[in-house]
Amino acid sequence: AWAFGQPYGSDAADPDTVIAKMYTELGDPPALATADFLYLPAIDALFCLLHVEATRLQNEGKPFEAMETMFRCLMLARQIADREFLTEKLVGMTNMYNALTRLRDIAYVDSRAETPKLTAENIRDILRRLRDDRAALTVERIRLPRGDNLAAEQIISRVYDPRGGPNAERFAPTLARIASRGRPMRMFSESAKWDALRPLSGNDLAAREALGNVFNDWAKRWDLEWNDPILKLTPDYQKLDKTRFAMIDMVVGDVGRLFPVRRSIVTEVICTRTALAMYGQFLQHRAYPRDIAAVRPVFLQKIDWDPWDQNKPPKLTLDFFVPMRDRPGGPNEPPKPHEIEVFPDLPAPTAVRWPSFSVRLRDDTFVMYSTGPDGQRNGMRKATGMVEDEKGDYLAWPPVLSLLRQNLVESGRLK
């Protein structure tokens, strides 16, 4: 499968899909702005169950099957990321991130076993599927959602008179119905709110111009390099008059939330490919090389550049070292474990944020990391991920997910 091709609305959906509430409801009369993605809770549950299945397979001594399950999870999430609405893309892209992280996690757990089950050929197989030129995975092909823009255009046509102001009969009832979807008891209060906003809501042409400015700004930013100075300017969405154009704010939402998610996925793809290649190198030779380039060409045809390298053209690959072996300490000191303070900041359906903790790594594993958002190599003393910090880096291996689980088990918070 290359696409999750479900149409929008009950009229276009298969009857069995509608009965099972596995479709997108557009309301009566149909409107894109009232889209209710009834299928997404089941998709979220499916993603959760795929992670459970991967855990079961690994516990049964089948880590390669667990990784295959996560790759299928990644491909399904990639298809959801091609859907047309912000809500859908966030579900797809967040689960792409989770699946990529979990691929490394499965490999790391295998590496800590007394007798690893994965083989070098298993790793090569997964890496072949993670090639960055595969049309099914290429993150650059993910586009901004069109559905939210079309939804706002449709509502502007319904609640404004052509080249005039808000329609007195349609403005408040239509927007109150959108704002109170799923919560009918709020219809009265929402209707009063939008009735009060109607005189302040400008006219048809101003609303269309504001909507165009917001989406054109996002579209321009979407195709820029991550360190382009334009990205540091205040987005047009944040400058939008939230009173005069409250309707646009409600219907569209902050599409800018996709930018850091996409950036984290790009980073995760490179981290996963490179870290798995290094583990495959270990499985084949039972020793870690001195240089990251050793994984070519057996595991990778080319070494990915550090996604946060600020040089143009890029010059840095992910940094790699083996604790104690490559960083032994002073000339008269015995080798010391490498200590990392980990700041977990994992995308998840909940707002849980874990406190930081420290880990001490010895020469039975390797450390691989990116410079992270600050663009500086800080020796991997602090793993801050996507959070910009002047002394933090983006940890690829050991995976933050694995270290967090280990910390929760050791502290008695996870059985």
Side-chain angles (χ1 to χ4, degrees), residues 78 81 86 89-90 92-94 96-98 100-101 104 130-133 137-145 213-240 254-275 292-293 300 302-321 340 342-347 367-397 399-400:
R78 177 64 183 83
L86 172 62
K89 285 186 178 289
L90 283 172
M93 294 170 72
T94 298
M96 284 181 68
Y97 175 98
N98 291 339
L100 287 162
T101 301
R104 295 203 309 280
L130 287 175
R131 281 172 47 189
D132 58 1
D133 59 350
L137 180 60
T138 309
V139 179
E140 287 72 17
R141 290 175 179 263
I142 299 175
R143 306 310 302 165
L144 287 172
N213 289 340
V214 166
F215 265 92
N216 288 338
D217 182 54
W218 278 326
K220 180 179 180 180
R221 291 165 180 265
W222 192 253
D223 293 325
L224 295 175
E225 294 291 334
W226 70 269
N227 55 356
D228 193 293
I230 291 178
L231 294 178
K232 296 182 180 180
L233 301 177
T234 304
D236 280 12
Y237 174 76
Q238 294 183 17
K239 295 186 288 186
L240 184 71
D254 186 4
V255 174
R257 294 160 60 193
L258 291 176
F259 285 75
V261 180
R262 183 181 64 162
R263 189 69 204 166
S264 69
I265 294 173
V266 171
T267 305
E268 281 294 304
V269 169
I270 292 174
C271 287
T272 299
R273 282 166 42 82
T274 314
I292 199 171
L300 294 177
K302 64 181 182 67
I303 306 297
D304 292 307
W305 298 112
D306 186 333
W308 292 99
D309 182 6
Q310 297 186 11
N311 295 298
K312 290 186 178 182
K315 300 178 181 179
L316 303 175
T317 61
L318 299 184
D319 203 1
F320 157 80
F321 67 90
I340 303 176
V342 181
F343 295 81
D345 186 27
L346 306 174
V367 174
M368 185 176 290
Y369 67 96
S370 161
T371 60
D374 68 348
Q376 302 295 321
R377 292 266 165 99
N378 298 298
M380 198 60 260
R381 296 293 179 181
K382 292 169 65 176
T384 53
M386 290 293 292
V387 178
E388 189 166 352
D389 185 282
E390 63 179 0
K391 296 182 180 178
D393 299 305
Y394 193 109
L395 182 61
W397 187 282
V400 172

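Positions are given from 1 along the sequence.
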- Any donor and acceptor pair, going by atom type alone, linking the side chain of Thr272 with main-chain N or O of Leu100 inside 3.5 Å? yes

- Is Arg78 reaching over with its side chain to a backbone N or O of Val139, donor-acceptor style, under 3.5 angstrom? no

- Message: Looking at Arg381 and Lys391, would you say the former's side chain and the latter's main chain have a donor-acceptor pair under 3.5 Å?
- Response: no

- Message: What I'd like to find out is whether the side chain of Thr371 reaches to under 4.5 Å of the side chain of Asp309, using heavy atoms alone.
- Response: no

- Message: Would you say that Asp217 contacts Asn213 through its side chain, given a criterion of any heavy-atom pair below 4.5 Å between the two side chains?
- Response: no

- Query: Can a cation-pi geometry be assigned to Arg262 and Trp226, taking NZ or CZ under 6.0 Å from the six-membered ring centre and within 45° of the ring axis?
  - Reply: no

- Item | Distance-minimising heavy-atom pair for Met380 and Lys382 | CE-O, 3.2 Å

- Report the distance from atom CD of Gln310 to atom CG of Asp374, rounding to the nearest 0.5 Å. 8.0 Å

- Message: Do Met96 and Glu268 have side chains that approach each other closer than 4.5 Å (heavy atoms only, starting at C-beta)?
- Response: no

- Taking side-chain hydrogen bond (donor to acceptor under 3.5 Å, both in side chains) as the test, write out the residues that go with Arg377, two or more places apart. Asp306

- Message: How long is the straight-line distance from CH2 of Trp218 back to CG of Asp236, given to the nearest 0.5 Å?
- Response: 9.5 Å

- Which atoms form the tightest heavy-atom contact between Gly372 and Tyr394, and what is the distance? CA-CB, 4.1 Å

- Message: A side-chain contact here means heavy atoms from C-beta on lying under 4.5 Å apart; do Pro145 and Leu258 qualify?
- Response: yes

- Could you give the distance from CZ (Arg131) to CZ (Arg273), rounded to the nearest 0.5 Å? 9.0 Å

- Query: Does any non-hydrogen side-chain atom of Trp308 lie less than 4.5 Å from one of Thr267?
  - Reply: yes

- Side-chain donor/acceptor of Lys89 to backbone N/O of Arg143, under 3.5 Å: yes

- side-chain hydrogen bond (donor to acceptor under 3.5 Å, both in side chains) against Arg263, all qualifying residues, sequence neighbours excluded: none

- Message: Are Met93 and Ile142 packed together at the side-chain level, in the sense that at least one heavy-atom pair is separated by less than 4.5 angstrom?
- Response: yes

- Message: Return the CZ to CD1 distance between Arg221 and Ile230, rounded to the nearest 0.5 Å.
- Response: 8.0 Å

- Query: Nearest 0.5 Å, what's the CG-CG distance between Leu233 and Asp228?
  - Reply: 9.0 Å

- Task: Quick one: pull up CZ in Phe320 and CD1 in Ile303 and give me the separation to the nearest 0.5 Å.
- Result: 11.0 Å

- Item | Step-by-step side-chain contact (heavy atoms from CB on, under 4.5 Å) determination, Asp319 to Val367 | CA-CA 8 Å; Asp319 203 1; Val367 174; over 6 Å; no

- Item | Thr274: side-chain hydrogen bond (donor to acceptor under 3.5 Å, both in side chains) partners, not counting sequence neighbours | none

- Message: Are Tyr369 and Leu318 packed together at the side-chain level, in the sense that at least one heavy-atom pair is separated by less than 4.5 angstrom?
- Response: no

- What heavy-atom pair brings Leu395 and Ala383 nearest, and what distance separates the two atoms? CB-CB, 3.9 Å

- Item | Exercise: identify the closest heavy-atom pair between Gly385 and Pro373 | O-CD, 3.3 Å

- Polar side-chain atom of Asn378 near backbone of Gly392 as donor-acceptor pair, under 3.5 Å: yes

- Query: Between Tyr237 and Val255, is any pair of side-chain heavy atoms under 4.5 Å apart?
  - Reply: no

